[in-house]
2 protein chains.
Amino acid sequence: MTVPPGRRERKKAATRQKIAGTALRLFLERGYDAVGIREVAAEADVAVTTLFSHFASKEALVFEQDEDFEQRLTQAVTGRAPHEPLIPALRREIQALVRHCTADSAAPIWRMIDESPALRKYEESMRLRHAETLATAIAADPELSQTATASRTIARFVIDAYSLAREAADPEAAVDEIFRMIEAAWEVTCPSRRA
Amino acid sequence: MTVPPGRRERKKAATRQKIAGTALRLFLERGYDAVGIREVAAEADVAVTTLFSHFASKEALVFEQDEDFEQRLTQAVTGRAPHEPLIPALRREIQALVRHCTADSAAPIWRMIDESPALRKYEESMRLRHAETLATAIAADPELSQTATASRTIARFVIDAYSLAREAADPEAAVDEIFRMIEAAWEVTCPSRRA
DNA sequence: ACCGTAGCACTAACCGTTACGGTTTTGAAT
DNA sequence: ATTCAAAACCGTAACGGTTAGTGCTACGGT
């Protein structure tokens, strides 16, 4: 499966990247709402239908790497050291993600997102999807036998932490503050005392 | 301002109700996606532009009473008995809201919402708006001097409780389970010991 | 009785998105 | 090498939500 990636897949990935790159450039230059799909397609030299075969919507052009985000989260759960407690592992990952998207280089993009209702809405439902994925990963961990509701709840809280910290004046401090609350919430649900 | 509502305002409210009622009826009869805006407008005997002067979007037709929801939440905070603790008051209100929208009579509407991605997305960003309103109410309460981050966090958690409980197998039990977690998270943030 | 405002109407467009039908490229099987 | 099916791509036309733009009418305050 991860053998030599054939020419086809490389070309496809190249097209995808070309589209996403062109779109982001145009959006940042002239504003998300001011640039139409037909224009992005023309500039990237592909047909409109091709664009939509790579991206499900206009908004998706902006959140090209959202699957990375999702994978890093589940990885933080499934790939942590044996017997390492869940919450600190998640805290570390969220801290890293928050740092990443509050970096100066990312500022213009997030400003664009915050200014467009369509993009905000898209990001919101994206987060919910991520929370659901994270909940599944938590529920699947045999070390912590949680109820379905508790798993989903903690997952939501963690995603909330990301979202709130990103908007806070001091993002890193906010992560710490919110995770103290999550830690407390988590301990209530722990049936056994595992140090 | 709340004196005799003039004829004009009554007519406006009547038009609004007629549009919303017609829309909901058509949506439930034939499916949200299968009914177009032009059709709703024709059936309600108004122009398309009139419809959009009463409702900001097609989705808003379905969530006609979302401001009630918002007000009940803030009321639960600002209108509670003096010295009554915050979290139990919110728990009661959420419990009532969940009961209300998991009632049999509301089932067809929520089934329609769950089946339509557009409506789901709309509800999600509505919830975020409600969380923000609730956060403001919590932050404004002089009895509980919280940080901005803590207020917003608790508000999100409470809205999460509503959303998760509504989808749970046993909604009422889910509210209790999640609010035990919220209570723990809340206590971490309380600077003073108030009973 | 008069005026400003607000609700409403109609047309025509804009824009994201999709259906459709056709062409080229690619990887594999003969 | 040749052949073939799948998959990527193309271009057009349409559909449906949404928004000007332009008026008209009726209400409520003066």
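Just so we're on the same page: letters track the sequence lines, and every chain starts at 1.
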*What orientation do Phe63(A) and Tyr122(A) show, parallel under 30°, tilted 30 to 60°, or perpendicular over 60°?*
parallel

*Thr136(B) side chain to Glu132(B) backbone, donor-acceptor under 3.5 Å*: yes

*State plainly whether one hydrophobic cluster holds both Leu128(A) and Ile178(A), where clusters connect Ile, Leu, Val, Met, Phe, Trp and Tyr through side-chain heavy atoms under 4.5 angstrom apart.*
no

*Does His54(B) have a side-chain nitrogen or oxygen under 4.0 Å from the phosphate oxygens OP1 or OP2 of dC8(C)?*
yes

_I'd like to know if Arg91(A) and Glu183(A) make a salt bridge, using a cut-off of under 4.0 Å between side-chain N and carboxylate O._
no

*Mind calculating the distance between CG (Asp45(B)) and P (dG7(C)) to the nearest angstrom?*
18 Å

*Whole-Å distance separating the CZ atom of Phe55(A) from the P atom of dC9(D)*: 11 Å

_Length of the OH-C1' vector between Tyr122(A) and dG16(C), whole Å_ = 14 Å

*Of all the nucleotides listed (dG11(D), dC27(D), dC8(C)), which has the minimum atom distance to the side chain of Lys11(B)?*
dC27(D)

*For DNA chain C, the residues among residues 27-42 of chain A that have a non-hydrogen atom under 4.0 Å from it*: Val35(A), Gly36(A), Ile37(A), Arg38(A)

*Roughly how far, to the nearest 0.5 Å, is CD of Glu172(A) from OG1 of Thr102(A)?*
7.0 Å

*Do Arg30(A) and Glu43(A) meet the salt-bridge criterion of a basic N to acidic O distance under 4.0 Å?*
no

*asked:* Quick check: on DNA chain D, is the nucleotide nearest Lys58(B) upstream (toward 5') of the one nearest Leu51(A), or the reverse? Name the residue that is more 5'.
replied: Leu51(A)

*Looking at dC27(D), dC9(D), dC10(D), which one has an atom nearest to any side-chain atom of Thr15(A)?*
dC9(D)

_Identified side-chain contact (heavy atoms from CB on, under 4.5 Å) counterpart of Ile154(B) within the set Ile138(B), Ile159(B), Leu144(B), Thr149(B)_ = Ile138(B)

*asked:* Any carboxylate oxygen within less than 4.0 angstrom of a Lys/Arg side-chain nitrogen, looking at Glu124(B) and Arg127(A)?
replied: no

_Rounded to whole Å, please give me the gap between NZ in Lys121(B) and P in dG17(D)._
16 Å

*Separation of Arg16(A) atom CZ from dC9(D) atom P, in whole Å?*
12 Å

Any N/O pairs under 3.5 Å between the protein and nucleotides 19-25 of chain D? List them or say none.
none

*Does Thr50(B) put a side-chain nitrogen or oxygen below 4.0 Å from OP1 or OP2 of dG7(C)?*
no

_Cation-aromatic face contact Lys58(B)/Tyr32(B), 6.0 Å, 45 degrees_ = yes

_If you count every heavy atom of other residues, nucleotides or ligands that lies below 6.0 Å from Glu67(B) atom CD, does the total exceed 12?_
no

*Check the hydrophobic clustering (I, L, V, M, F, W, Y; side-chain heavy atoms under 4.5 Å; chains of links allowed) and say if Ile113(B) and Phe69(B) are grouped together.*
yes

With the criterion being N/O to N/O and under 3.5 Å, what pairs connect the protein with nucleotides 4-7 of chain D, and how long is each?
none

